[in-house]
**Student:** 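Could you have a look at this structure, given as structure tokens, before my questions?
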Amino acid sequence: LLVDNHYKESGLPLLLFHFTLICGIISNVNRIHVFLGGICVLYPLNVDLTGRCVVIVGGGTVAERKVCGILAADSEASVRVIAPALTDALRALADRGRIAWHSEQYTNGDLTDAFLVYAATDSAAVNASVAAEAEKRGILVNVIDDPRTSTFHIPSTVRRGDFLLTVSTGGRSPALSRAIRMELEQLYPEAFGQWLERVAHLRREMRTMLSTSRERTAFWRIALRPYILNMVHDGELEKAEVELRNAALDIGAKSSDGSD
């Protein structure tokens, strides 16, 4: 994918084009293997980690990325790292109480109470042992650099507050996932996360202001028009909100006088 330099002119059609083109590889957060007729299909889902125990076996840079990804979700997950040594960043997190550090080599039985597991060591044998215990206990496991023994994969992520886009190739091409993520980062800057908060507030207001489903449908059609999305992309949130509020008043007025 290439970012269109004529974004402002293309607006919504360009966004829909990108969505259509990558719909087969954009997913929500994690993916679980489902076997249909002998073919492995990955099922996308969002996972609430609140109160769950996530175990990361390994203390290197890969483990660090996994830990930071979990913490970035702002979930209240319990993160346990099993490794004899940690990166400086992981050690700092342990010192602050953000993660629990078990400073020892992994042994069978360390996955007790785990909900998700990452095997992120530089030893294929250790990772295989972690995967075997996880499978025996019925725990989802991600094994670095080995999608075949992983029962879930972590996609590339674009997070804008509660607005979340993820891209996965099922572990087949992380480089492609990263490339598409970079495209999405340009299409959907930070302003979209802020806009989502405003839209959520507007949605509550519209339930009262626009009494019929026909009126609300007309409103949301306007909210998704290219010129509105272009304002959001350019950070003109106040202007975009004013346009939508004026549109709501116009829709309500037309409905009241029967001109719609």
Side-chain angles (χ1 to χ4, degrees), residues 1-4 7 10 13-49 52 54-58 60-73 75 77 79 114-124 126-128 130-132 134-135 138-190 192-193:
L1 294 177
L2 295 177
V3 174
D4 195 329
Y7 177 91
S10 301
L14 176 62
L15 299 182
L16 294 178
F17 167 77
H18 279 83
F19 273 126
T20 301
L21 188 60
I22 62 179
C23 64
I25 51 180
I26 288 187
S27 67
N28 297 324
V29 190
N30 299 323
R31 291 171 169 251
I32 297 178
H33 292 155
V34 178
F35 288 89
L36 299 176
I39 300 174
C40 181
V41 179
L42 296 177
Y43 182 77
L45 75 159
N46 288 327
V47 178
D48 182 2
L49 295 178
R52 304 289 191 176
V54 181
V55 174
I56 296 91
V57 181
T61 55
V62 174
E64 180 183 315
R65 289 199 301 271
K66 304 301 184 184
V67 170
C68 291
I70 295 167
L71 297 180
S75 66
V79 180
F115 177 72
L116 286 180
V117 172
Y118 293 87
T121 75
D122 57 4
S123 168
V126 172
N127 290 342
V130 173
E135 180 179 5
I139 303 170
L140 297 177
V141 61
N142 176 263
V143 182
I144 62 167
D145 297 329
D146 192 354
R148 294 174 301 175
T149 57
S150 298
T151 50
F152 77 96
H153 301 282
I154 297 298
S156 294
T157 301
V158 177
R159 184 181 294 276
R160 307 298 189 223
D162 288 333
F163 181 47
L164 178 67
L165 294 173
T166 62
V167 183
S168 175
T169 58
R172 292 174 180 265
S173 179
L176 177 59
S177 293
R178 287 193 296 271
I180 295 176
R181 173 181 56 79
M182 292 173 67
E183 301 288 347
L184 291 174
E185 286 176 338
Q186 296 181 59
L187 283 171
Y188 302 98
E190 294 290 345
F192 275 90

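Numbers here are sequence positions counted from 1.
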**Student:** Which heavy atom of Ile139 sits nearest to which heavy atom of Phe115, and what is that distance?
**Tutor:**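 Taking Ile139 first and Phe115 second, the nearest heavy atoms are CG2-O, 3.5 Å.
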**Student:** Distance from Glu183 atom CD to Ile180 atom CD1, nearest 0.5 Å?
**Tutor:**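 Separation between the atoms: 8.0 Å.
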**Student:** Mark yes or no for whether Ser150, through its side chain, and His153, through its backbone, hold a donor-acceptor pair below 3.5 Å.
**Tutor:**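 It does not hold such a pair.
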**Student:** Which heavy atom in Val167 sits nearest to a heavy atom in Ser177, and how many Å separate them?
**Tutor:**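 Minimum heavy-atom contact is O-OG, 3.8 Å.
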**Student:** Side-chain contact test, heavy atoms from C-beta onward, threshold under 4.5 Å: evaluate it for Tyr118 versus Val57 and give yes or no.
**Tutor:**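 Result no, sub-4.5 Å side-chain heavy-atom pair not found.
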**Student:** Could I get the full list of side chain to side chain donor-acceptor pair (under 3.5 Å) partners for Arg181, not counting sequence neighbours?
**Tutor:**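 In terms of side chain to side chain donor-acceptor pair (under 3.5 Å), with neighbours along the sequence ignored, Arg181 is linked to Glu185.
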**Student:** Kindly write out the residues that satisfy side chain to side chain donor-acceptor pair (under 3.5 Å) with Asp162, not counting sequence neighbours, or none if the list is empty.
**Tutor:**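 Asp162 satisfies side chain to side chain donor-acceptor pair (under 3.5 Å) with no other residue.
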**Student:** Within the 4.5 Å heavy-atom criterion, are Leu116 and Val55 side-chain neighbours or not?
**Tutor:**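 No. Closest side-chain heavy atoms not under 4.5 Å.
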**Student:** Rounded to the nearest 0.5 Å, what separates atom CZ in Arg65 from atom CD1 in Ile70?
**Tutor:**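 It is 13.0 Å, given to the nearest 0.5 Å.
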**Student:** Which atom names give the shortest non-hydrogen contact between Ile56 and Ala63, and what distance separates them?
**Tutor:**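 It is CG2-CB, 3.7 Å.
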**Student:** Working to the nearest 0.5 Å, report the span between CG of Asn46 and CG of Leu164.
**Tutor:**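 One finds 6.5 Å between CG of Asn46 and CG of Leu164.
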**Student:** Tell me whether the centres of the aromatic rings in Tyr43 and Phe152 are closer together than 6.0 Å.
**Tutor:**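 Between Tyr43 and Phe152, the centre distance exceeds or equals 6.0 Å.
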**Student:** Is the side chain of Thr151 donor-acceptor paired with the backbone N or O of Leu140 at a distance under 3.5 Å, no angle test?
**Tutor:**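 No: the side chain of Thr151 does not pair with the backbone of Leu140.
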**Student:** Sequence neighbours excluded, which residues qualify as side-chain contact (heavy atoms from CB on, under 4.5 Å) partners of Pro174?
**Tutor:**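 With sequence neighbours excluded, Pro174 shows a side-chain contact (heavy atoms from CB on, under 4.5 Å) to Arg178, given in chain and number order.
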**Student:** Would you please name every residue forming a side chain to side chain donor-acceptor pair (under 3.5 Å) with Asn142, sequence neighbours left out?
**Tutor:**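 Per chain and number, Asn142 pairs via side chain to side chain donor-acceptor pair (under 3.5 Å) with no residue.
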**Student:** Any chance you could measure Ser168, atom OG, to Leu176, atom CG, to the nearest 0.5 Å?
**Tutor:**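 The OG atom of Ser168 sits 10.0 Å away from the CG atom of Leu176.
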**Student:** Do Val54 and Leu49 have side chains that get closer than 4.5 Å, going by heavy atoms?
**Tutor:**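 Heavy-atom side-chain distance check passes, below 4.5 Å.
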**Student:** With sequence neighbours left out, write down each residue that passes side-chain contact (heavy atoms from CB on, under 4.5 Å) with Asp146, or none if nothing qualifies.
**Tutor:**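 By the side-chain contact (heavy atoms from CB on, under 4.5 Å) rule, Asp146 matches Val143, Arg148, Thr149.
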**Student:** Okay, side chain of Thr157, backbone of Arg159: is any donor-acceptor separation there less than 3.5 Å?
**Tutor:**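 Flag not set: sc Thr157 to bb Arg159 has no pair under 3.5 Å.
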**Student:** Is there a side-chain contact between Phe192 and Leu187, using heavy atoms and a 4.5 Å cut-off?
**Tutor:**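 Of all side-chain heavy-atom pairs linking Leu187 with Phe192, none is under 4.5 Å.
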**Student:** Among all residues two or more places apart in sequence or in another chain, which pass the side chain to side chain donor-acceptor pair (under 3.5 Å) test with Arg52?
**Tutor:**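 Counting only residues at least two positions away or on another chain, Arg52 forms no side chain to side chain donor-acceptor pair (under 3.5 Å).
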